[in-house]
S.K.: 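Quick one: this structure, given as C-alpha cells, is what I'll be asking you about.
Residue numbers start at 1 and run along the sequence shown. Both counts, for ligands and for their atoms, begin at 1 and track the order of listing.
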Amino acid sequence: MTAEHIRMRGVTKAFRFFTLQDISFDLEPGQVMGLVGPNGAGKSTTIRMAMGLMAPDAGEIRVLGCAMPDAQAVAKRDIGYVSAAMRLMPNATLGRHMSLVSSIYPGWDPAYAATLLGRFNLRPEQTTQTLSHGEHTKAALLLALARRPRLLVLDEPTSGLDPVARHELLTEFMDVLRDENRSILFSSHNTLDVERISDRIAFLDRGRLLGSSDKEEFLERWRRIQVQLPPEAELPELTDIVSHVSDGRFHTLTTNRFDERQLAQLGTAVHDVQRMSLEEIFIANVMHHREAREQ
Ligand SMILES: Nc1ncnc2c1ncn2[C@@H]1O[C@H](COP(=O)(O)OP(=O)(O)OP(=O)(O)O)[C@@H](O)[C@H]1O
C-alpha cells in the first residue's frame, strides 16, 4: 500500500506517431499538481492512463494505492475525474445527473452541491443540450466536486470558462485543499492558473517529462541575468545557462540553477537579475530541451 495518491514509474505508451516516454512522478495527499505542456505534449494521455482508461506499454501506475488499470473500479470510488471530452447525458437535466451521482457515491454532499449551483449560476432544471460549453464544464465539475472525492483529476478544467468562472473554480480548488487528505491533478496550458494554485508542477513536452518539482523550486532556480560587458571584454565561461542572447555588448542569460556563484563570476558586469514567471520558465524550459535534443 503506497501513501501517494498517484505514483507513476517509468510509464511508456507508444502510438503510431507519438511516444510518451518514461514518465515518473508522485502526487502526495494535500498537494495540487499542475501538468503543463504545449499541444500534443501527452497530458491527456498521461491522465487517461492514471484513470485506467488506457493501459501503459510499460511502467507502473498506482492511484490511491490501486494498480491501474486493473484495480480501477476500486480507485474510482474515490476519484472525481473531469475532462473536456466527457459528455453528460444530452436529454437529462442537471438535477437528474445530481440525483444519479448522489445515489452512487456515498460522499455526495447536497449542501455543497447547492452552494456550487449558486456559485456556477446553474439550475437543476437545465437539460445538458441547453447548456453552453462553459456551463457544461461547470456542471461536470459540480458533479465531481460535490462527491468530495479524495482525488480530483481534471483535464483542462478551466478551458472555455470566462475569467470570473475561472477565478471561482480556482477558489473552490483551494477550498478542497484545506483538507490535507485530498489532492488534485490538473492539466492546463494556462500557466497563470497553474502558478496560482499548484504546489507541484510537472512540465511535459513531446512525450517527455522535462521536470517535476515544487513550484517554489522552479521559481527560485530560474532567473534572467542581464549583463553589460565593457568593449573587448569576454563573457566568463558559466555553467547552467540554458539560453544566451546577445548583441555583442548586452547579454541576456537564462539560468535554471541560479546561485550566488554565477553572480560572483560575472562581477560588476551584472546589470540586473530578474525573476521569471511560470510562463517564461515553461517556454524557456521547452525551448532548451528541444534544442538539446536536436543537437
Ligand atoms: N488513441 C490514440 N491513437 C493515436 N495517437 C494518439 C492517441 N491518443 C493520443 N494520440 C497522440 O498522442 C499525442 C499526445 O496527445 P495528448 O492528447 O495526450 O496531448 P495533450 O498534451 O493533452 O494535448 P492538447 O493540449 O493539445 O490537448 C498527440 O500527438 C496525439 O495525436
Side-chain angles (χ1 to χ4, degrees), residues 6-27 32-61 63 68-70 72 79-88 133-134 136-138 140-141 144 151-162 165-166 169-170 173 183-198 200-213 215 218 277-290 293-294:
I6 298 182
R7 175 187 160 87
M8 284 209 182
R9 288 292 176 278
V11 170
T12 295
K13 179 81 190 175
F15 297 125
R16 188 168 173 209
F17 300 112
F18 175 87
T19 303
L20 192 69
Q21 274 180 19
D22 196 19
I23 304 296
S24 300
F25 67 83
D26 291 328
L27 175 69
V32 185
M33 176 180 270
L35 195 55
V36 190
N39 289 129
K43 303 181 294 296
S44 296
T45 305
T46 304
I47 286 181
R48 287 171 64 74
M49 285 195 288
M51 290 299 89
L53 300 172
M54 195 188 272
D57 297 335
E60 184 203 346
I61 305 174
V63 178
M68 300 300 248
D70 299 347
Q72 58 177 293
I79 302 174
Y81 169 52
V82 179
S83 86
M86 248 173 185
R87 284 281 148 256
L88 302 176
H133 170 70
H136 187 280
T137 305
K138 289 193 225 174
L141 287 163
L151 171 62
L152 273 168
V153 177
L154 309 168
D155 197 355
E156 296 281 348
T158 54
S159 80
L161 297 188
D162 64 70
R166 260 182 45 222
L169 184 67
L170 297 180
F173 290 171
S183 61
I184 300 176
L185 172 69
F186 80 107
S187 71
S188 187
H189 302 120
N190 190 324
T191 46
L192 281 178
D193 290 352
V194 177
E195 186 160 355
R196 191 161 154 226
I197 68 156
S198 306
R200 297 253 337 148
I201 291 172
F203 283 121
L204 264 184
D205 184 44
R206 298 184 177 172
R208 290 168 200 247
L209 195 64
L210 308 186
S212 146
S213 78
K215 175 182 71 184
F218 275 117
S277 67
L278 196 66
E279 174 136 325
E280 291 169 325
I281 294 172
F282 168 50
I283 294 168
N285 204 355
V286 166
M287 298 317 291
H288 168 57
H289 278 87
R290 286 186 184 177
R293 258 181 262 153
E294 277 155 20

S.K.: Please report which non-hydrogen protein atom sits nearest to atom 19 (O) of ligand 1, along with the residue it belongs to and the distance in Å to one decimal place.
M.R.: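 Here the closest protein heavy atom is Gly42 N, 3.3 Å.
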S.K.: Are Leu152 and Leu185 side-chain neighbours, meaning at least one heavy-atom pair lies under 4.5 Å?
M.R.: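 SC-SC contact between Leu152 and Leu185 ruled out.
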S.K.: Would you check whether Ser44 has a nitrogen or oxygen atom less than 3.5 angstrom from a nitrogen or oxygen atom of ligand 1?
M.R.: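 Between Ser44 and ligand 1, an N or O pair is found under 3.5 Å apart.
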S.K.: How long is the straight-line distance from CZ of Phe173 back to OG1 of Thr158, given to the nearest 0.5 Å?
M.R.: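 Going from OG1 on Thr158 over to CZ on Phe173, the span is 7.5 Å.
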S.K.: Ligand 1 and Thr45, any nitrogen or oxygen pair closer than 3.5 angstrom?
M.R.: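 Yes.
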S.K.: Heavy atoms only, cut-off 4.0 Å: how does His189 contact ligand 1, side chain, backbone, both, or neither?
M.R.: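 The answer is the side chain of His189.
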S.K.: Identify, for atom 14 (C) of ligand 1, the protein heavy atom at the shortest distance, and state residue, atom and that distance.
M.R.: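 In this structure, atom 14 (C) of ligand 1 has Gly40 O, 3.5 Å as its nearest protein heavy atom.
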S.K.: Nearest 0.5 Å please: distance from the CG atom of Asp57 over to the CD atom of Gln21.
M.R.: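 Interatomic distance, Asp57 CG to Gln21 CD, rounded to 0.5 Å: 11.0 Å.
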S.K.: Please indicate, with yes or no, if any protein heavy atom is found under 4.0 Å from atom 23 (O) of ligand 1?
M.R.: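 Protein heavy atom within 4.0 Å of atom 23 (O) of ligand 1: present.
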S.K.: Return the residue, atom name and 0.1 Å-rounded distance of the protein heavy atom closest to atom 12 (O) of ligand 1.
M.R.: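 The closest one turns out to be Phe18 CD2, 3.3 Å.
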S.K.: Has Thr19 got a side-chain atom pairing as donor or acceptor with Phe15's backbone, closer than 3.5 angstrom?
M.R.: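 Side chain of Thr19 to backbone of Phe15: no pair is present.
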S.K.: Check whether His136 reaches the backbone of Leu88 with its side chain - one donor and one acceptor, N or O, closer than 3.5 Å.
M.R.: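 The answer is yes, because a donor-acceptor pair under 3.5 Å joins these two groups.
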S.K.: For Pro38, counting its heavy atoms only, list the atoms of ligand 1 lying under 4.0 Å from any of them.
M.R.: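 Near Pro38, meaning under 4.0 Å from one of its heavy atoms, ligand 1 has 21 (O).
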S.K.: Among protein heavy atoms, which lies nearest atom 26 (O) of ligand 1, and at what distance?
M.R.: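 The closest heavy atom on the protein side is Asn39 ND2, 2.9 Å.
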S.K.: Would you mind reporting whether Met54 and Thr45 have side-chain heavy atoms less than 4.5 Å apart?
M.R.: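 They are in contact (side-chain heavy atoms under 4.5 Å apart), so the answer is yes.
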S.K.: Any protein heavy atom under 4.0 Å from atom 4 (C) of ligand 1?
M.R.: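 Given the 4.0 Å cut-off, atom 4 (C) of ligand 1 counts as touching protein heavy atoms.
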S.K.: Is the shortest N/O to N/O distance between Phe15 and ligand 1 below 3.5 Å?
M.R.: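 In this structure, Phe15 places no N or O atom under 3.5 Å from an N or O of ligand 1.
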S.K.: Heavy-atom contact check, 4.0 Å cutoff: does Gly37 meet ligand 1?
M.R.: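 It does not, in that no heavy atom of Gly37 comes within the 4.0 Å cut-off of ligand 1.
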S.K.: Which of the atoms in ligand 1, numbered in the order shown and given with their element, are less than 4.0 Å from a heavy-atom of Ala41?
M.R.: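 Here the atoms of ligand 1 in question are 19 (O), 20 (P), 21 (O).
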S.K.: Please check: side-chain N/O of Gln72 versus main-chain N/O of Gly52, any donor-acceptor pairing under 3.5 Å?
M.R.: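 It does hold such a pair.
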S.K.: Going through the distances and angles, do Asp26 and Arg9 end up as a salt bridge (Lys or Arg N to Asp or Glu O under 4.0 Å)?
M.R.: CA-CA 9 Å; Asp26 291 328; Arg9 288 292 176 278; 3.0 Å; yes
S.K.: Please confirm whether Ser187 approaches ligand 1 to less than 4.0 Å, judged on its heavy atoms.
M.R.: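 In this structure, Ser187 fails to qualify as a contact of ligand 1 - no heavy atom is under 4.0 Å.
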S.K.: Does any part of the side chain of His189, heavy atoms only, come nearer than 4.5 Å to the side chain of Pro38, both counted from C-beta?
M.R.: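 Heavy-atom side-chain distance check fails, nothing below 4.5 Å.
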